[in-house]
Amino acid sequence: MTKAVVLAGGRGTRLTPYTFILPKPLLPVGDLPILEILLRRLKMAGIDNFTFCVGYKHELVRAFFGDGARWDVQIEYSVENEPLGTAGPLSLIAGLDETFLVANGDLLTDISFSDLLAFHKKHQAVATVGAIRQKVKIDLGVIELDDQQQLMKYVEKPSLHYLASIGLYVFEPAVLSYIPRDQFLNLPDLMNSLRRDNQPVRGYIHKGYWLDIGRMADYQQALNDLPDIQQRLLPED
């Protein structure tokens, strides 16, 4: 059975003053904490074994979720004494000896975790990163110059299109050899190390709803969107 590692240790400084009181994963979206929505969606996909990587106000996360019995899942905790980034905490977790999933603890998405895992297996990847197509409007005229500073191109208020990571990964145990124990390492650095070593890394493009609740505007957006997406997130409710 696939295990899920949830990164829930950040301070959430961009969401102050809310995070003075609660750690970000416990901020409510409707009637439920962000992290409970994620846990319940993963449980719907058949994932019932979790490790929560916690740090800031971890006592509150543990007090709310306990051992997971309330949701008929098993939850263990890995506590960071010092920040280890987004990949470093994986070095402290025992038992990652099969395919496992890593997720940020502040994701709000209707992604099919089952489809993501199937894609990873189909392509025999050592790592798969979830992605989504994004567009950014630049409210300025953008110019390009050559080496002689002659104008080559001038575009008024263009839009940039790119693929963004959604904070969701599937890994094989082999990736753990690239993570030094108890040292700071972020997931982008890990993924780039894998690619430099010619390891098979894939990207799964999600075409549905996704929101990373990292800023105050994102949190307000989640609250505004909830009436329209609640049935897609938790259909059993």
Check your understanding: Rounded to the nearest 0.5 Å, how far apart are CG of L90 and CG of L84?
Key -> 10.0 Å

Exercise for review: Grab the two heavy atoms, one from L101 and one from T2, that are nearest each other, plus how far apart they are.
Suggested key: N-CG2, 4.1 Å

Point to revise | R133 CZ: over 12 foreign heavy atoms closer than 6.0 Å | key: no

**Study point:** Side chain Y169, main chain L187, donor-acceptor under 3.5 Å
**Key:** no

Exercise for review: Please check if the side chain of S91 supplies one atom and the backbone of D182 the other of a donor-acceptor pair under 3.5 Å.
Suggested key: yes

Check your understanding: If you measure from OG1 on T109 to CG on D212, what distance do you get to the nearest 0.5 Å?
Key -> 11.0 Å

Practice item. May I ask you to test the F64-L26 pair for a side-chain heavy-atom distance under 4.5 Å? Key: yes

Point to revise | Exam field: side chain N192 to backbone P188, donor-acceptor pair closer than 3.5 Å | key: yes

Check your understanding: Atom CD1 in I47, atom CG in N49: separation rounded to 0.5 Å?
Key -> 10.0 Å

Check your understanding: Shared ILVMFWY cluster between L39 and L116, side chains joined below 4.5 angstrom?
Key -> yes

Point to revise | Point-to-point distance, once rounded to the nearest 0.5 Å, from CG of L190 to CD of Q199 | key: 10.5 Å

Review point. Going by atom types alone, do E172 and H120 pair a side-chain donor with an acceptor below 3.5 Å?
Key: yes

Practice item. Could you walk me through whether D106 and K24 pass the salt bridge (charged side-chain N to carboxylate O under 4.0 Å, His left out) test, one step at a time? Key: CA-CA 7 Å; D106 58 359; K24 182 168 59 172; 2.8 Å; yes

**Study point:** Y77 side chain to G66 backbone, donor-acceptor under 3.5 Å
**Key:** yes

Point to revise | Worked verdict on K135 versus L160 for side chain to side chain contact (heavy atoms under 4.5 Å, CB included) | key: CA-CA 6 Å; K135 180 175 74 171; L160 298 182; over 6 Å; no

Study note, to complete from the structure: Between I111 and R41 the two heavy atoms that sit nearest each other are O-NH2, 2.6 Å

Check your understanding: So, N186 side chain and T86 main chain: donor-acceptor pair closer than 3.5 Å or not?
Key -> yes

Exercise for review: Would you kindly check if the NZ (Lys) or CZ (Arg) of R62 is within the cone defined by 45 degrees around the ring axis of F52 and under 6.0 Å from the six-membered ring centre?
Suggested key: no

Review point. If you take all heavy atoms of L42 and A4, which pair is closest and at what distance?
Key: CD1-CB, 4.2 Å

Point to revise | For L117 against V170, the heavy-atom pair lying closest together | key: CD2-CG1, 3.8 Å

Point to revise | Connected via hydrophobic side-chain network under 4.5 Å: W71 and V54 | key: yes

Practice item. Please indicate whether D31 has more than 12 foreign heavy atoms, meaning atoms of other residues, nucleotides or ligands, lying under 6.0 Å from its CG. Key: no

Check your understanding: Passes salt bridge (charged side-chain N to carboxylate O under 4.0 Å, His left out), K3 versus E76? Steps please.
Key -> CA-CA 11 Å; K3 183 170 187 171; E76 298 176 341; 3.8 Å; yes

Study note, to complete from the structure: Correct closest heavy-atom pair for L168 and A103 would be CD1-CB, 3.6 Å

Exercise for review: Look at atom CG of D72 and say whether more than 12 heavy atoms of other residues, nucleotides or ligands are closer to it than 6.0 Å.
Suggested key: no

Check your understanding: How long is the span from the CD1 atom in I166 to the CD1 atom in I132, to the nearest 0.5 Å?
Key -> 6.5 Å

Exercise for review: Answer yes or no: is there a donor N or O on one side and an acceptor on the other, between the side chain of D218 and the main chain of R215, under 3.5 Å?
Suggested key: yes

Exercise for review: Please check if atom CD in Q149 has more than 12 non-hydrogen atoms from other residues, nucleotides or ligands closer than 6.0 Å.
Suggested key: no

Check your understanding: Is the side chain of R40 donor-acceptor paired with the backbone N or O of M44 at a distance under 3.5 Å, no angle test?
Key -> no

Revision key, fill the gap. Nearest heavy-atom approach of P25 to P33 is O-CB, 3.7 Å

Point to revise | Common cluster, F113/V102, ILVMFWY with side-chain heavy-atom separation under 4.5 Å | key: no

Practice item. Examine V5 and L38 and state if one hydrophobic cluster contains both, with Ile, Leu, Val, Met, Phe, Trp and Tyr joined whenever side-chain heavy atoms are less than 4.5 Å apart. Key: no

Review point. Under 4.5 Å between side-chain heavy atoms, hopping through other hydrophobics if needed: is there a path connecting F100 to L7?
Key: yes

**Study point:** From S165 atom OG to N104 atom CG, the distance as rounded to the nearest 0.5 Å
**Key:** 7.5 Å

Exercise for review: Evaluate side chain to side chain contact (heavy atoms under 4.5 Å, CB included) for L22 paired with L27, printing each intermediate quantity in order.
Suggested key: CA-CA 7 Å; L22 291 174; L27 290 180; 4.2 Å; yes

Point to revise | Residue pairs involving residues 176-215 (criterion ring pair (Phe, Tyr, Trp, His ring centres under 6.0 Å); sequence neighbours excluded) | key: F119-Y204

